[in-house]
Visitor: 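One structure, pasted below without further comment.
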Amino acid sequence: MQKIDLPRAYDPKAYEDAIYTEWENSGFFNPDNLAATGEPFAILMPPPNVTGVLHLGHALENTLMDSKARFERMLGKKVVIIPGTDHAALPTQARVENNLREAGMKNPRQELGREELLRQIREYADQSRSTILSQIRKMGTSCDWSRLAYTFDEPRSKIVNDVFVRMFNDGLIYRGYRVVNWSVLGQSTASDDEVEYVEQEATLYTFRYSANFPIPIATVLPETKLGDTAVAVHPDDARYNKYIGQTFTVDVGAEKSLKIHVLGDKSVDSAYGTGALGVTPAHSATDFEMYQQHPEIGLIPVIGADGKMTEQAGKSYAGLPVKQAREKFVTWLKDQGLLIKEEKITHNVAVSDRFKDEIWPIPMEQWFIDVNKQVPGKGRSLRVLMREAVTTGLGGDKPKKISVAPDRFTKSYLHWIDHLHDWCISRQIWWGHRIPVWTRGEEVYSGTTAPEGEGWKQDDDTLDTWFSSGMWTFSTLGWPDNADFKTFHPTAWMQMGYEIIYLWMARMILFSAYLLDDISFKQVYIHGILRDKDGRKFSKSMKNGIDPLEVIAEYGTDALRLSVIKGIAPGNDARFSYEKIKDSRNFINKLWNVSRYILSMEDKEVPTEPSFADRWILSRLQTVTKNVTKDFENDQFSRVAEQLYDFVWHELADWYLEAAKVAINPKVLRTVLETVLKLMHPVAPFVTEAIWKSMGHAGKDLLLVAEWPKADTKLIDAAAEEKFQKMQELIVHIRNIRAEYQVAAGNWVDVWAETDLGPEVTPVVEKLARVKLHTGMAAEENSIDALAGGVRLMIPLAGLMDVQREAERLSIQQAELIQQIESIKRRLSTEDYVKKAPPALIERDRSQLASKEEELKVVQEKITHVEKLSF
RNA sequence: GGGCACGUAGCUCACUUGGUUAGAGCGCCACAUUGACAUUGUGGAGGUAACAAGUUCGAAUCUUGUCGUGCCCACCA
C-alpha cells in the first residue's frame, strides 16, 4: 500500500483560507477571465444591510447563490456574482440612535447635530461593512471583488439621482399632503411594509359628542376625536340613515366646537360597535380616503409630529402628550354624562419595525411614486407593468417574463399588487440619499445637481432605502453605458427570502420595467427562513442565535453549507440544529477518507478487464450525474445534497470500495473520484478543491473551473447493475439463512447458497461477507468454496438473534406474506382491474404472486426448523 | 374577514405528473472492532399517511367536507 500523506480526519482550518486566496488570485471569480464564448450568467448578491454582522440566513443565501454560480461556471458559462452591501438608511440610523440612547443620550439628533451624527453612522456602517465582507469570504462565496458595490457609493448615488429626476420629470413622483405612518421616536415616516402590528389590550369607549348629537360612536383613541369632522353610517341602516347629509355643530369642551357631517358609506359595518364610525381624516388612513371622496368635511390635525396635541386640538389640549390628552378628554366625557360604555378589548397597534414605538397616522407633505398614473410612452401604469412582469411578460413579450419559484408566491405578489397604494419614498432621517429637489419660493427644480442662481434650498428629506435597492440589478452593472450592463442585464438568477418579496422584488421589477423596459432577472428562487431546532425564529432577544463564523471555526464551511441546504424545500421554512451540522461534518469526513483510500491505491496494477463491480459503479455514476445536473438546473439544492450523500456513502463507500478490494482498478477509482469531486464542488467547494489538489492538479488547473461531467450513456450497464444487485441480495440471503444452522454448527455455521452469478462473484462475496456478516474477526478460519452454481461460507455466529425472537419475527413475516398474497389474488380476480390496468402491471402482479408464494414456503420451512431448535 | 401553505415513524423531513411491501437522517435497541474512516461498520424495532366521504380497477397523491397548525394581507371605528 502506498504511504498515505493526508491526515486521518479532514481539518477545514488547514485548507479553507489558503484555498479561498488561491481562487481569488486565479482571477476566475471575474468573468473577464473566463471563456469569452460562454453565455453570460449574472447573480446579484442580495446586499446585506450594514446594520450588523451576518447570521445564518445569510449563510443560506450565500450557499444557494454560490452553489448555483459554481455549477453554472463549471458548465462553461461566463459567471459573475457581484457582491455588495446596503446602506439600509432607516434601519442603520435607527440602530445607531438606539445604541446612543442605550448609552444614555436622550435625543441623539438634537445633541449631536446632523454632521456629527452622520459621521458616527458612517463610522458604524463602515465597520459593519468590512466585517460583512470578510464573512462573505469565509463562506466561500465565489464573487468578483473587483465589482464590489455599495448602495451609497458614488456610482450608485448618481444613478439614484438620475432615476429620481427622470421619474419626477415624467410626473410619476409627486409631493402630496397625505396621512402617513409616523414614528415619533424615529421622527420619520415608515412605509406600510415597515409597520408591524402588535396585539394589545385597550379600552373601547362608547360615547356621544354632545347631548344633541343623535349617533353614539366608539373608539380606542378618544383624543383623536377632537379632530373628527364626520360620522359615517351605512346607508341602509334604519336607525341612522335619516341623518345622512345633515351637519351638526357639537361642543367638545375644548374651547371649540366641531362641525360633524353625517355621511352614508357602504364600507361601514352596522353590526360592529354602535354601527357608526367617527371619521378622523387627519389620523386614520381609511378616514383620510373618505375625506378625499368628501373634501367638504375638512381635516383637522390634532396630533403633531412631536407626539403632542396641536393648537387645533383646542387651547386646553395644545402641547399635551397624547396619553394625557386621552385621560383629560375621557374625564370630560364622564363629567358631561356623555360616556356610555367602557370595555376592554384586544386590538392591533401599529409599531415601527425599527424604532419599536407606536406609529401615529399623521397628515404631512411627503414624496410619493404614483403607481396608477400612465407612464409616458408606455400607455400603462407602473402597477400594470409590475403585474405584466410575472404574468404575460412586459408588453405581452414572453421572454420578458420572470419565472418565480415556487409559483405560489406569484399569487401573493399579484394579490399585493392589486392592493397597492402610492409608494411613500421620503424619510425624515439623515442617513440616506437626499432627495434631489430644490425649491425657491414657488419654483421647484429637480436635478442631479443644485440649480444655478441664488436662494435655492434642497429638500431636507432622504429617500426610502428600497428606492436605491430597487435599482440594484442595473446600478451595479453600470447602467446605462457600461459593457457589463449590456452583457449581463437582465440578470440570470436571483434569490431572496419570501419576507422581502414586496419590499425588494416588487421594487426591482418596478424600476427595471419603467427605466429599461425590461425585467431585472429571468428567474427568482424564493427561500424560507431558517428556524432553530424548536421551530422558533432566531433572534437576539431569545438568545438562540447561531453564529455562522463559530460553526465554520468548529466544523468547517463545507459542513455549514451542506447543513443549511439539506432538508429545505423551496419557499418553506426549515429547522436548523447542531445535529445537522455534525451529520454534514461526518459526511465531509467520509468523503475525505474515501478519497484518501482511493489515492493510496494509485500504484496498484490495472486489471485487464473492468470487473462487474467496476461496471456497476460507473453505471450508477452516470445516473447520479444525470440526476444531480437536472436538480441543479431546477434549483433542487436539497436533493442535490441528498443524492450525493447517498451515493458517496451508501454506494461508493459501503459497497463499491469493499467489493473493489478484490481486484483494485486504480483507473476506475480515479475516474469515479474525479467525477464525484466535480459533482460535489458547488455545494462543498473547499474539501473537494483540497482533494483535487492532492490528486496532482496544480497551478490554474482548479476544480473551480473544471468541466462539469456529462453523463455517458454508453457506460450505463443494466446487466452489471442487475448482477450487482443480485449479489447484494445474495449477501442478505446468506445472512438470513444462517440462523437455521446455528445450533447444528456450533460456533461456526457452514452456509451454502445457490447462485447463478458465476465465479467472478464468489471472491467479492467473500470479501463483502467480512464487512457485512462480521467474519473479519477470525479470517483465517473463514473458508469459502466456489462450487459450481453456488457459494459456500463458514460464518461465525456472533451477533445472532436468539431463537425465540427469531420465531416471533418469522411468524410476523408469515402473516404479512399471507396477507400480501391474498391481496394480490383479490386484485387479480377483479374483473375491472384485469380489463383496465396496464398489462405490465398485471404481469408484475403475477410474478410477484409467484415469488411471494415461494417466499412463504421458505418462511414456513424456517418456522418448522426454528420450532425444532427451541426444544 | 380575505388569501397562501401545511398535517406522513419519538423528532426533523422526503416521496417529480395516482401504480410493487410509503423512504431517509437523527434518536432508540442489539451486535461488530488493530485494515480509508469511531467524525466507523452491520442489523433491528417503530407508520390505520389528522379524520370522514367521494372519484378510480387502484389514493399519502385528485375532489369535497370536518378538525388542527403556521404564515401573509386587510380591518379592528
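Please read all numbers here as calculations on a predicted model, not as lab measurements. Proteins get letters first, then strands, A, B, ... in listed order; numbering begins at 1 in each. Because only heavy atoms are used, hydrogens play no part in the values below, and waters and symmetry mates are left out as well, while side chains stay in.
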Visitor: Go through rC26(B), rA36(B), rC76(B) for me and flag the one nearest to the Tyr197(A) side chain.
Guide: rC76(B)

Visitor: For the side chain of His415(A), starting at C-beta, report the closest nucleotide among rU39(B), rG25(B), rG2(B).
Guide: rG2(B)

Visitor: Can you find a side chain N or O atom of Arg575(A) that sits less than 4.0 Å from OP1 or OP2 on rU12(B)?
Guide: yes

Visitor: Please say whether the positively charged group of Lys661(A), taken as NZ for Lys or CZ for Arg, lies over the ring of Tyr597(A), i.e. under 6.0 angstrom from the six-membered ring centre and within 45 degrees of the axis.
Guide: yes

Visitor: Any N or O donor-acceptor pair linking the side chain of Lys590(A) to the base of rC37(B) at under 3.5 Å?
Guide: yes

Visitor: Could you tell me whether the side chains of Ser584(A) and Lys566(A) share a donor-acceptor contact shorter than 3.5 Å?
Guide: no

Visitor: Take atom P in rG47(B) and the same atom in rA9(B), then report the distance between them in whole Å.
Guide: 10 Å

Visitor: Show the nearest heavy-atom pair for residues Leu669(A) and Leu657(A), with the distance to one decimal.
Guide: CD2-CD2, 3.7 Å

Visitor: For the base of rU12(B), is there a side-chain donor-acceptor partner from Lys533(A) under 3.5 Å away?
Guide: no

Visitor: Among rC57(B), rC13(B), rA14(B), find the nucleotide with the atom closest to the side chain of Ala837(A).
Guide: rC57(B)

Visitor: Quick one: label Val279(A) by what it contacts on the DNA or RNA (base, sugar-phosphate, nothing), any heavy atom closer than 4.0 Å.
Guide: nothing

Visitor: Report the residue (Val349(A) or Ala653(A)) whose heavy-atom-nearest nucleotide on RNA chain B is the more 5′ of the two.
Guide: Ala653(A)

Visitor: Before accepting this row, confirm whether a basic side-chain N of the pair Asp583(A)/Lys580(A) lies closer than 4.0 Å to the acidic partner's carboxylate O.
Guide: no

Visitor: Using the P atom as the reference point in each nucleotide, state the distance between rG10(B) and rC71(B) in Å, no decimals.
Guide: 25 Å

Visitor: Taking atom types as they are modelled, is there a donor-acceptor pair under 3.5 Å from the base of rC26(B) to the side chain of Asp583(A)?
Guide: no

Visitor: Quick one: label His650(A) by what it contacts on the DNA or RNA (base, sugar-phosphate, nothing), any heavy atom closer than 4.0 Å.
Guide: sugar-phosphate

Visitor: Could you give the distance separating rC62(B) and rG19(B) at their P atoms, to the nearest angstrom?
Guide: 11 Å

Visitor: Side chain of Trp649(A) only, heavy atoms from C-beta on: which candidate in rU40(B), rC75(B), rC26(B) is closest?
Guide: rU40(B)

Visitor: Check every strand shown and say whether Arg8(A) touches a base, only sugar-phosphate, or nothing at a heavy-atom separation below 4.0 Å.
Guide: sugar-phosphate

Visitor: Are any of the side-chain nitrogens in Lys604(A) or Glu602(A) under 4.0 Å away from the carboxylate oxygens of its partner?
Guide: no

Visitor: Would you mind telling me which of rC57(B), rG19(B), rC37(B) lies closest to the side-chain atoms of Glu658(A)?
Guide: rC37(B)

Visitor: Which is true for Tyr502(A) with a 4.0 Å heavy-atom rule: it touches a base, it touches only sugar-phosphate, or it touches nothing?
Guide: sugar-phosphate

Visitor: Parallel, tilted or perpendicular for Tyr645(A) and His650(A), by the 30°/60° rule?
Guide: perpendicular

Visitor: Please measure how far the P atom in rA22(B) lies from the corresponding atom in rC29(B), and state the result in whole Å.
Guide: 27 Å

Visitor: Kindly assign one of parallel, tilted or perpendicular to the pair Tyr291(A) and Phe288(A), based on the angle between their ring planes and the thresholds 30° and 60°.
Guide: tilted

Visitor: Between rU21(B), rA14(B), rC4(B), which nucleotide gets closest to the side-chain atoms of Lys852(A)?
Guide: rU21(B)

Visitor: Sequence neighbours left out, what passes salt bridge (charged side-chain N to carboxylate O under 4.0 Å, His left out) with Asp573(A)? Give chain and number order.
Guide: Arg531(A)

Visitor: With Watson-Crick and G-U wobble geometry limited to distances under 3.5 Å, how should the secondary structure of RNA chain B be encoded in dot-bracket form, using | for bases paired to another strand and [ ] for crossing pairs?
Guide: (((((((..((((.....[...)))).(((((.......))))).....(((((..]....))))))))))))....

Visitor: Which of the following nucleotides, rU42(B), rC76(B), rU40(B), is nearest to the side chain of Asp654(A)?
Guide: rU42(B)

Visitor: Starting from P on rU12(B), measure out to CG on Leu562(A) and report it in whole angstrom.
Guide: 22 Å

Visitor: From the list rC57(B), rA14(B), rA5(B), which nucleotide is the closest neighbour of the side chain of Lys836(A)?
Guide: rC57(B)

Visitor: For the P atoms, the ones on rC26(B) and on rG41(B), what distance do you get once it is rounded to whole angstrom?
Guide: 9 Å

Visitor: With sugar-phosphate meaning primed atoms plus P, OP1 and OP2, does Ser577(A) contact a base, only sugar-phosphate, or nothing at under 4.0 Å between heavy atoms?
Guide: nothing

Visitor: If you measure from the P atom in rA14(B) to the same atom in rU21(B), how many Å do you get, rounded?
Guide: 24 Å

Visitor: Of all the nucleotides listed (rG19(B), rC76(B), rC37(B)), which has the minimum atom distance to the side chain of Arg844(A)?
Guide: rG19(B)

Visitor: Between Arg531(A) and Tyr645(A), which has a closest nucleotide on RNA chain B that is more 5'?
Guide: Tyr645(A)

Visitor: I'd like to know if the side chain of Tyr10(A) pairs up with that of Asn593(A) as donor and acceptor (distance under 3.5 Å, no hydrogens or angles considered).
Guide: no

Visitor: Expressed as a whole number of Å, how far does the C1' atom of rG54(B) sit from that of rG18(B)?
Guide: 15 Å

Visitor: Tell me which nucleotide among rC57(B), rU39(B), rC75(B) gets nearest to the side chain of Thr830(A).
Guide: rC57(B)

